[in-house]
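Because only heavy atoms are used, hydrogens play no part in the values below, and waters and symmetry mates are left out as well, while side chains stay in. Residue numbers start from 1 in every chain, and the chains themselves are labelled A, B, ... in the order their sequence lines are given, proteins ahead of strands. Predicted model only: the values in this text are computed from it and were never measured.
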Number of protein chains: 2
Amino acid sequence: MRTPPLAQDDPRPLTLRDVSEASGVSEMTVSRVLRNRGDVSAGTREKVLEAAKALGYVPNKIAGALASQRVNLVAVIIPSLRNMVFPEVMTGISRVLEETELQPVVGVTDYLPEKEERVLYEMLSWRPSGVIIAGLEHTDASRAMLKASGIPVVEIMDVDGTPIDTAVGISHRRAGREMAKAILKAGYQRIGFMGTKMPLDHRARKRFEGFTELLAKSGVEMADQEFYSGGSALKKGRDMTREMLERTEDLDFLYYSNDMIGAGGLLYLLEAGIDVPGRVGLAGFNGVELLQGLPRQLCTMDACRDEIGTKAAQIIAQRVFDPAAEYERVVEMTPTISYGDTLKRR
Amino acid sequence: MRTPPLAQDDPRPLTLRDVSEASGVSEMTVSRVLRNRGDVSAGTREKVLEAAKALGYVPNKIAGALASQRVNLVAVIIPSLRNMVFPEVMTGISRVLEETELQPVVGVTDYLPEKEERVLYEMLSWRPSGVIIAGLEHTDASRAMLKASGIPVVEIMDVDGTPIDTAVGISHRRAGREMAKAILKAGYQRIGFMGTKMPLDHRARKRFEGFTELLAKSGVEMADQEFYSGGSALKKGRDMTREMLERTEDLDFLYYSNDMIGAGGLLYLLEAGIDVPGRVGLAGFNGVELLQGLPRQLCTMDACRDEIGTKAAQIIAQRVFDPAAEYERVVEMTPTISYGDTLKRR
DNA sequence: CTGAAAGCGCTAACAC
DNA sequence: GTGTTAGCGCTTTCAG
């Protein structure tokens, strides 16, 4: 007898052995019942379930994972939870994984490559079944770890670059170009840009690049631009918009790198009694739910957040289920512009 | 020799043994180096580190955890990531845990008790070092699991009830009462309430109860009320406010169960040209950053989100570090009202 | 249908 | 300083 009678004050977690002894069934059979594996007679089954419940047994997945060499976790590595973008991606991921036995585990990088590397290392050390990670830009060490891991890796949000394994997202360069096209087509010519400081956010940078690139092609130069970091985005949008219009009075369009600062700008313009979109047009990026509550609909472009999460999770699930199957390396979603009320139509 | 020479196409994850063989140092010593435990000569140390790096070895925490009976994870169980409240609590938790070797792992319940139970079961099966869980209301099974787990449990956000182990939060009943007091003191008498459907959110319910209770004590009855669920909160606030003021024309104050619908209401009133706070006063709850960008500051009450996260993590860290130490069972934070511009002062 | 034996990859506890 | 041994709690495999 290895295990002495349980002392009242010993909070040692219960083991399979405890359930086995309580039910008079071998550990192996108890394990089978608890995992719904193999055939077990209804009688034994019931005995085991009863004992497990009575004791309040919670299986030890650590031991289970070590023995079975299988861990039903999917590491999801994202820059931030405060962005609204990522909670929505998570929604898509969760919805898909809930129908499998896989579970998402979230790690947050705060947009810092070194933190991403640490988080990734920590997560990989739990030997997850797959990785979903935001962006295509990673440190060399991170890329090496992902390659060496031997598990499905899906890089999400962006397709402008070379994926390690698979990418699901939109082309932010193209998104920037498309918006620039729409703005020029509407007849705007004096365009200002406001956005986050670039080094922090590759996707915002790519949109900016695509945007300026298309303007340049049409012989239009960005008339003004400003970058911010930190603080309340809504307030930043408000303040930056005021400042920019004071500084460059003849601007007729403002392109924002996200909807939150765009909304701040819109609120400011409406208060200031400036005609939108006649005197000044506006556009943001993301299609956040918040916008629906604004007095006027901001022109924006959706980032296909839910679809990206959904597709990424599907790819992981499919590849875990059937490792030999073929799969697409790059899945590019097509974002659409919602014109709203802040861009002249003609 | 147990391990055959590595086939090129075998993506078997590396083990300590691989590093041991590559460096010519025993597994045990390799383990010591990698964990910074015990004394190892500088020479061996270097050899090991080099080999590990060259191979791209990532330790297997599953095996480590099983062997050492220690898992440096803290389960954090919250209703939603979309609420802005919880990302901020997470910030506090992360900041504290980053200075320890503990790591938060998030589980989301969508405000569903049964999902909470499932998530809790899953997380406990990984034998975390502690649990931080939102709210004091749980299923009997959840409470039983938490009690039986033998690990520190901190219930956060709310202190109106009996904690399983420890609670850190504010009294939402008191918060409701305080706001009612401030509103009455400002001279408002015809008060309407808008909020989420109650069964989904105990803390909103408690605020509502405290609020109506104090009104009743002063002989004031709620003049109108409406509950919503789902959709864009900002838009709901806008729409519900319009409807309520059409329905009950003599209302002079609107109390919202959260700042987002309050902000929607504020935007509507400003557009409609209704005098705020003269004709109608407004108050919300939470103190979300978003408000700073609005044309007028909404009267609100902060929920001490960051402090709650911070304190909860500190309690967990301290108790993991020193299980024998004494600790407070209930830590009540004191939220303060920011009057802003939507409540008459006198 | 059920059970016994042998690990999974690592670390605690000891030897040397 | 370094190595050896014996598990951690479970599942795989194979025998009945």
Computed from five pairs at either end and rounded to 10 degrees, the angle between the axes of the helix from C:dC1-D:dG16 to C:dC16-D:dG1 is 30°
Closest approach of [X] and [Y], non-hydrogen atoms and distance?
| X | Y | result |
| --- | --- | --- |
| B:Leu136 | B:Arg143 | O-NH1, 3.7 Å |
| B:Lys115 | B:Thr109 | CB-O, 3.5 Å |
| B:Glu155 | B:Ile164 | OE1-N, 2.6 Å |

If you compare every side-chain N and O of [X] against the phosphate oxygens of [N] (OP1, OP2), does one of them come in below 4.0 Å?
| X | N | result |
| --- | --- | --- |
| B:Ser31 | C:dC10 | no |
| A:Tyr57 | D:dG9 | no |
| B:Thr29 | D:dG3 | yes |
| B:Thr44 | D:dG1 | no |

Do you see a donor-acceptor pair shorter than 3.5 Å between the side chains of [X] and [Y]?
| X | Y | answer |
| --- | --- | --- |
| A:His138 | A:Glu117 | no |
| B:Asn83 | B:Tyr111 | yes |
| A:Ser94 | A:Thr91 | no |

Checklist line | Heavy-atom side-chain contact between B:Ile93 and B:Ile132 under 4.5 Å | finding: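 Of all side-chain heavy-atom pairs linking B:Ile132 with B:Ile93, at least one is under 4.5 Å.
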If you check every side-chain atom of B:Ser41, which of C:dC10, D:dG1, C:dT2 has the closest atom?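 The nucleotide sitting nearest to the side chain is D:dG1.
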Closest to the side chain of A:Met28, out of D:dT12, C:dT11, D:dC10, is D:dT12
Between [N] ([atom2]) and [X] ([atom1]): distance, integer Å:
| X | N | atom1 | atom2 | answer |
| --- | --- | --- | --- | --- |
| A:Asn36 | D:dT11 | CG | C1' | 15 Å |
| A:Arg17 | D:dT11 | CZ | C1' | 15 Å |
| A:Glu27 | C:dA6 | CD | P | 15 Å |
| B:Arg37 | D:dG1 | CZ | C1' | 17 Å |
| A:Arg45 | C:dT2 | CZ | P | 11 Å |
| B:Leu16 | D:dG3 | CG | C1' | 13 Å |
| A:Arg35 | D:dT13 | CZ | C1' | 12 Å |
| B:Glu21 | C:dG9 | CD | P | 13 Å |

Which side-chain N or O atoms in residues 42-57 of chain A pair as donor and acceptor under 3.5 Å with protein atoms at least two apart or in another chain?
{"unit_1": "A:Thr44", "atom_1": "OG1", "unit_2": "A:Ser41", "atom_2": "O", "d": "3.2"}
{"unit_1": "A:Thr44", "atom_1": "OG1", "unit_2": "A:Ser41", "atom_2": "OG", "d": "2.3"}
{"unit_1": "A:Arg45", "atom_1": "NH2", "unit_2": "A:Asn36", "atom_2": "OD1", "d": "2.9"}

### Task
Give me the residues of residues 62-72 of chain B where at least one heavy atom lies under 4.0 Å from an atom of DNA chain C, by number, or none.
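Heavy-atom cutoff 4.0 Å gives B:Ala63, B:Gly64, B:Ala67, B:Ser68, B:Arg70.
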Salt bridge flag under 4.0 Å for residues A:Arg329 and A:Asp165
yes
Given B:Ile308, B:Val168, B:Val331, the one that forms side chain to side chain contact (heavy atoms under 4.5 Å, CB included) with B:Val154
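Among the candidates, only B:Val168 passes.
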| query | Going by modelled atom types, is there a donor-acceptor pair between the base of D:dG3 and the side chain of B:Arg32 at under 3.5 Å? | reply | yes
Would you indicate what B:Asp39 reaches in the nucleic acid, counting non-hydrogen atoms under 4.0 angstrom: base, sugar-phosphate, or nothing? base
